[in-house]
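Comments concern the structure below.
Proteins come first, then strands; the chains are lettered A, B, ... in the order of their sequence lines, and each starts at number 1. Computation of the quantities below employed the complete heavy-atom set of this structure, encompassing side-chain atoms and omitting hydrogens, waters and symmetry-equivalent molecules.
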Amino acid sequence: MEKITAVKGMKDILPADAPVWREVELSARRIFERFGFCEIRVPIMEKTSLFQRSIGETTDIVEKEMYTFCDRDDELLTLRPEATASVIRAYIEHNFAGVEPVTKLFTIGPMFRRERPQKGRFRQFHQIDVEVFGDDSPASDAEVIFMLTHFLKEAGLAELSLEINSLGCRTCRPDFSRAVVDYLKGSEQALCPDCLRRIGTNPLRVFDCKVETCASVIDGAPRITDYLCPDCEQHFSSVQALLSDLQLEFTLNPKMVRGLDYYTKTAFEVKSGALGAQNSLAGGGRYDGLVRFLGGPDVPGIGFGIGMERLIACLPPRADSFFRTDIFVAALGARAQQQGFRLANELRAAGLSAAMDYADKSLKSQMKRADKLNSAYTLILGDKEIEENRAELRNMNTKEQKSLPLEGIAQALKNILKER
RNA sequence: GUGGGUGUAGCUCAGCUGGUCAGAGUGCCGGGUUGUGGCCCCGGAGGUCGAGGGUUCGAACCCCUUCACUCACCCCA
């Protein structure tokens, strides 16, 4: 029979890893709420048209990476490849703009893209996603970037490099784009086939081509920073001033172009050397026209996404097991098994973690099990003890052992554990 | 979609130029202590050597096909 395995590029998060995930998520919630962000949970599926419109019809994501299928009533649905579109949809649908001038949201969950998996890239991956609506001030950019780096440091990330750029806006980007195309057309013979294709499809992407000859061509290309309109120019320099004021180190990367069509003005990215080729662990930017473009009010927006798999891959490894058991009930014989079972569940109901082996094995074997489960105490229950209405309590660290009456034992154990 | 690498026990891997090559460590189960864990000692279970075909007297090893995983490109978190 054919082995049933997980879908390609989709990973189980095993018990050994789950605690780290939980901590990262908890830490995100705690920190983001300090900055005034509220959690929103949105469906992982949306109507396909939402993503087509927001991400851009000609992007790789929409063209070939989406999990799209036809619902039973012939409606096209898509597993979300990113979170921003869904959050904006919810923002519009629930008329947040009518209720408050500025809305700050975050959401955590899985995203889906049908790419070829490799290190740091999966078909189902998880993002922590943050969005601010209704604030076009540079302070908003700086706040969001500061929060991102603060969170990453707090999560335990040692070295991170922050890069920022401005991508201009509706008025200045087209000029820049045209200048780049003109420039590239002058050196077509030096470009790789991919880049030649890009001139027609998405000229700005030539900027992050890794082929050496292309890179040297790009070194001489026009810079977006020379083409920014006064408004974008002003905004960008304010953002930089604010970041410096916050003691945040960053590097200007005029070659950074982000993949999604909707970005405007500030774009930023956090990279790590520990990740292999997919070295970007968080990225985001401003998207001032997007909410309106999706049928909402004309409010500005800015946000970022953090790749959880990539973040966790950068974290220093955890050695110790998180798993602990307060009491292991070791029962010997049928009668003890029966009493022990009741006792173990009483302890659980009383708020202690309790474990037991139901296979009626030797005491030695049960002690081994207790040890494996990292038990603080083992409660030994055999015929002798039952006869006398008591149990032997063994401290697994000190090996000290004492007899406890079964009467009121849950409370007694709670007290003992509290003292530790 | 394109290229490279790797598939041997639950896990990590060894296995030379085809001829005791089906192994080690770890984990699991049991015993040494007939009711006491971690260390130590002993024993046991567990593998159609990814799958299919071919060459050969003989294939984990060579050839072909295929699948999976992995890394890289494309692109992105």
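For the pair A/Arg121 CZ and B/C71 P, the interatomic distance rounds to 10 Å; values are reported in whole Å. Residue A/Lys8 contributes atom NZ, which lies 10 Å from atom P of B/C67 at whole-angstrom precision. In this structure, the NZ atom of A/Lys119 is 6 Å from the P atom of B/C71, given to the nearest Å. Rounded to a whole Å, the CZ atom of A/Phe51 is 14 Å from the P atom of B/A77. B/C74 atom P lies 13 Å from atom CD of A/Glu65, rounded to whole Å. In this entry the distance linking CZ of A/Arg113 with P of B/C76 reads 8 Å, nearest Å. Put simply, CG on A/Asp12 is 13 Å from P on B/C69, counting in whole angstrom units. Atom CE in A/Met10 sits about 13 Å away from atom P in B/U70, given to the nearest Å.
Contacts classified as salt bridge (Lys or Arg N to Asp or Glu O under 4.0 Å) and involving residues 391-400 of chain A (residues at least two apart or in different chains) are given here: A/Arg390-A/Glu392. Under the salt bridge (Lys or Arg N to Asp or Glu O under 4.0 Å) criterion, the residue pairs touching residues 327-351 of chain A are A/Arg335-A/Glu387, with sequence neighbours excluded. The stretch residues 132-153 of chain A participates, sequence neighbours left out, in these salt bridge (Lys or Arg N to Asp or Glu O under 4.0 Å) pairs: A/Lys104-A/Glu143, A/Asp141-A/Arg286.
Not a single ring pair (Phe, Tyr, Trp, His ring centres under 6.0 Å) links A/Phe112 to another residue, sequence neighbours left out. Evaluation of the side-chain contact (heavy atoms from CB on, under 4.5 Å) rule for A/Lys47 yields A/Ser49, A/Glu75, A/Leu77 as partners, not counting sequence neighbours. By the ring pair (Phe, Tyr, Trp, His ring centres under 6.0 Å) test, A/Tyr67 pairs with no residue at all, sequence neighbours left out.
Along RNA chain B, the nucleotide nearest A/Arg123 and the nucleotide nearest A/Lys11 are compared for position; the residue whose nucleotide lies closer to the 5' end is A/Lys11. Comparing A/Ser280 and A/Ala6 against RNA chain B, the residue whose closest nucleotide sits nearer the 5' end is A/Ala6.
Distances shorter than 4.0 Å separate some side-chain N or O of A/Gln118 from OP1 or OP2 on B/A72. Between A/Gln278 and the phosphate of B/C73, there is a side-chain N or O to OP1/OP2 separation shorter than 4.0 Å. The side chain of A/Lys64 places no N or O atom within less than 4.0 Å of a non-bridging phosphate oxygen (OP1 or OP2) of B/C76.
Note on A/Arg178 versus A/Asp175: salt bridge recorded, some NZ/NE/NH1/NH2 to OD/OE distance being below 4.0 Å.
Across all strands, A/Ala370 comes closer than 4.0 Å to no nucleic acid atom at all (heavy-atom distances). A/Phe122 comes within contact range of at least one nucleobase, with a heavy-atom separation under 4.0 Å. Residue A/Gly284 is out of contact with every strand shown, counting any heavy-atom pair closer than 4.0 Å.
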How would nucleotides 28-36 of chain B be written as a contact map, 5' to 3', with B for base contact, S for sugar-phosphate-only contact and - for no contact, using protein heavy atoms under 4.0 Å? S-SSB--BB

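Taking a 4.0 Å limit (strictly below) on heavy-atom distances, residues 27-40 of chain A does not reach RNA chain B anywhere.
Taken from CD1 in A/Ile108 to CD in A/Glu39, the straight-line distance is 5.5 Å, to the nearest 0.5 Å. Rounding to the nearest 0.5 angstrom, the gap separating the OH atom in A/Tyr263 from the CG atom in A/Asp288 is 12.5 Å.
Nucleotides B/U20 and B/G25, compared at atom C1', are 22 Å apart to the nearest Å. B/C62 and B/U26 are spaced 33 Å apart, taking the C1' atom of each and rounding to whole Å. Only the P atoms considered, B/G15 is 15 Å distant from B/A9, to the nearest whole Å. For B/U55 and B/G18, the C1' atoms lie 11 Å apart once the distance is rounded to whole Å. Across B/G52 and B/U17, the matching C1' atoms stand 27 Å from one another, rounded to whole Å. Of the C1' atoms belonging to B/G27 and B/G46, the separation is 11 Å, rounded to the nearest Å. Distance noted for atom P between B/A59 and B/G19: 11 Å (whole Å). Distance noted for atom P between B/G50 and B/C11: 13 Å (whole Å).
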Result block: side-chain N/O donor-acceptor pairs under 3.5 angstrom for residues 300-317 of chain A, not counting sequence neighbours:
unit_1	atom_1	unit_2	atom_2	d
A/Glu309	OE1	A/His126	N	2.9
A/Glu309	OE2	A/His126	N	3.3
A/Glu309	OE2	A/His126	ND1	2.8
A/Arg310	NE	A/Gly120	O	2.6
A/Arg310	NH1	A/Ser280	O	2.7
A/Arg310	NH2	A/Gly120	O	3.0

Show me the side-chain donor-acceptor pairs of residues 5-20 of chain A shorter than 3.5 Å, one per line, residues at least two apart or across chains.
none

Just the table, please: protein N/O against nucleotides 2-4 of chain B N/O, every pair under 3.5 Å.
unit_1	atom_1	unit_2	atom_2	d
B/U2	O4	A/Arg116	NH1	3.1
B/U2	O4	A/Arg116	NH2	3.4

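A parallel orientation is assigned to the rings of A/Phe146 and A/His150, their planes being inclined by less than 30° (bins at 30° and 60°).
For RNA chain B, each stem of at least three Watson-Crick or G-U pairs (distances under 3.5 Å) is given as range with range: B:1-7 with B:67-73, B:10-13 with B:23-26, B:28-32 with B:40-44, B:50-54 with B:62-66.
When distances are taken from the side chain of A/Asp60 to each of B/A77, B/C74, B/C73, the shortest belongs to B/C74.
Ring to ring, A/Phe32 and A/Phe106 are close: their centroids are under 6.0 angstrom apart.
When the options A/Asp60, A/Ile61, A/Leu50 are evaluated for a side chain to side chain contact (heavy atoms under 4.5 Å, CB included) with A/Ile55, the one that passes is A/Ile61.
Without hydrogens or angle criteria, A/Ser27 side chain to A/Glu23 main chain gives no donor-acceptor distance under 3.5 Å.
A/Ile409 has its side chain within reach of A/Leu379: a pair of non-hydrogen atoms, C-beta onward, lies under 4.5 Å apart.
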